[in-house]
Amino acid sequence: MNGTTAPPPPPPEPLSAPRRARAGIALVFCVHGAVSGSFVTRIPWLQDRLDLSTGQLGLALVMPAIGSSLAMPLAGRFVHRYGGRAAVRGLISLWCLALALPALAPSLPVLCAALLVYGAAAGMADVAMNAQGVEIEERLGRSIMSGLHGMWSAGGLLASAFGILAAHLDLDARLQLAVTALVLLALAQPVCRGLPDIRAHEGAEEPPRFALPPRSSLVIGLVGFCAVFAEGASMDWSGVYLRDVTGASATVAAASYTAFSLTMAVSRLAGDAAIRRLGAVRTTRVGGAVATVGGLLVVAADSPALAIPGFALLGIGIAVIVPLAFAAAGRIGSNPSQAIAGVATVTYTSGLIAPAVIGALAQATSLTVSFGLVTALAFALLLSAGALRLAERNSGDGNVTATSPEKPSGKDLSTI
């Protein structure tokens, strides 16, 4: 140390084309969700083609989460080296192309390898686009992250509808997913032109290839963990819960997933207005309260008439928590991508273990007890909401302001 300090990075510049930037990143989220929605509808086809048991399929479906967790720290390096626009374009293109891989697998080991690559591409693109979304939100001066995640949900729902139609028509998934991958790849290219070219300031140190998440991002990640655990449990087990606990028919049981997914998507699309009015912390507490009420309805339900509204309230309550967690992480220190990767790793881990924990607890006790755990984690959101204070964007008069001016983003924004 020579007693001198480095000059502070330049302050953030306003977006030169804010509507174009916001529309561009929203469509990137939509494309990312569409890839996921396209894949999940053809999982039964994969199981039938490779004659996989439930256990074998479960093993294969763990691979995307493992691939994502391993590869997400690399995304910050891509953003630093190539700039935000090029990193998002390259990684979202890789993610689109990865959609075609699983259907081409001739055996379980090859399927696991393909899904590992698929998950790695998903995770890196996820981190890069969330980092871009946080930076655009910062430059716009108002909350947009909830709406971006709503676009992800909308893209997934739209693509899953096409996937269901393809399955109904008995189309070969190899052809359907390959064509879908190329269509989404073609859509991603013009969409990415609307993104700002965010770059690290001169002299910024390149992120390491692999690094432990910052301690501050782990605290934020635990909030996301609670929300994603409830989301994963509800998505995977709501139908079984309605069938086995409330005696619902197969059609009604399937409707519970639809109700949960739709409320999640709509709540995310509308969530930015609530965040601007209430702020991140109060919005999280309100969401936790709503999700807790939903969980209590599910636990108390002896009929579908109580359980379905309960799952819908769970979806409404947790919808904006993960977008807020990413927004808070993106304002930590000088390397937002690394912090976002840390939060994403924790939340992906939650989504990975939630279905298994619910199943194991149900096996030992009952599904009702399992969703008692979900309800407890929803209640924990009320207690831990303060960790998202860095995502607080509401100044109280409808104008959005940053809450950590002592930590400027340190990134230059070129014209679009």
Side-chain angles (χ1 to χ4, degrees), residues 20 23-50 60-61 63-65 67-68 71-72 74-75 78-79 82-107 110-130 132-133 148-195 265:
R20 185 183 180 194
I25 194 62
L27 291 173
V28 167
F29 271 77
C30 189
V31 169
H32 195 288
V35 175
S36 294
S38 299
F39 170 71
V40 296
T41 57
R42 303 318 305 265
I43 290 175
W45 183 93
L46 279 171
Q47 184 177 20
D48 291 343
R49 177 172 180 264
L50 298 180
L61 294 179
M63 293 298 119
S68 293
M72 280 188 291
L74 294 173
F78 280 106
V79 173
Y82 302 110
R85 182 194 297 156
V88 171
R89 178 187 284 125
L91 292 172
I92 198 71
S93 298
L94 180 64
W95 170 228
C96 291
L97 292 174
L99 174 62
L101 294 179
L104 302 176
S107 63
V110 178
L111 176 63
C112 288
L115 289 175
L116 199 69
V117 174
Y118 173 87
M124 290 190 293
D126 199 331
V127 170
M129 71 188 193
N130 273 285
Q132 189 89 347
L148 295 182
H149 283 255
M151 288 295 292
W152 189 94
S153 298
L157 286 171
L158 182 62
S160 66
F162 284 103
I164 291 169
L165 177 62
H168 178 72
L169 297 175
D170 201 24
L171 292 180
D172 191 306
R174 288 169 292 189
L175 175 62
Q176 181 231 328
L177 293 182
V179 170
T180 302
L182 293 175
V183 169
L184 292 175
L185 176 65
L187 289 174
Q189 303 314 304
V191 161
C192 290
R193 292 194 198 108
L195 301 180

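- Atom CG of L177 sits about 9.0 Å away from atom CG of D172, to the nearest 0.5 Å.
- Under the 3.5 Å distance criterion, the side-chain polar atoms of W45 are left unmatched by any main-chain donor or acceptor of A167.
- Note that CG of L184 is 10.0 Å distant from CG of L97, once rounded to the nearest 0.5 Å.
- A distance of 7.5 Å separates CG in L165 from CG in L171, rounded to the nearest 0.5 Å.
- Side chain of S68 to backbone of G119: a donor-acceptor contact under 3.5 angstrom is found.
- When atom types are taken as modelled, the side chain of Q189 and the backbone of L185 share a donor-acceptor pair closer than 3.5 angstrom.
- Heavy atoms only, all atoms of each residue included: P106 and V110 are closest at CD-CG1, 3.5 Å.
- When all heavy atoms of P102 and L111 are compared, the closest pair comes out as O-CD1, 3.7 Å.
- Contact record, A159 with A34: CB-O, 3.2 Å, taken as the closest heavy-atom pair.
- When each of D126, L91, L27, N130 is tested with H32 by the rule side chain to side chain contact (heavy atoms under 4.5 Å, CB included), just one qualifies, namely D126.
- Residues G24 and V191 approach most closely at O-CG1, 3.3 Å, considering heavy atoms.
- Across all non-hydrogen atoms, the minimal contact from V31 to A188 is CG1-CB, 4.5 Å.
- Here CE of M129 is found 11.5 Å from CG of L195. Values are rounded to the nearest 0.5 Å.
- Here the side chains of F39 and V35 are not in contact, with every heavy-atom distance at 4.5 Å or above.
- Listed for the R42 side chain is no donor-acceptor partner under 3.5 Å among the backbone atoms of R174.
- For the atom pair SG of C96 and CG of L187, the computed distance is 8.0 Å after rounding to the nearest 0.5 Å.
- Contact record, A75 with A128: CB-N, 4.4 Å, taken as the closest heavy-atom pair.
- When L148, V88, V28 are each tested for a side chain to side chain contact (heavy atoms under 4.5 Å, CB included) with Q132, only one passes: V88.
- The distance from the CG atom of L50 to the CD atom of Q47 is 9.5 Å, given to the nearest 0.5 Å.
- At distances below 3.5 Å, at least one donor-acceptor pair connects side-chain atoms of R49 with backbone N or O atoms of A105.
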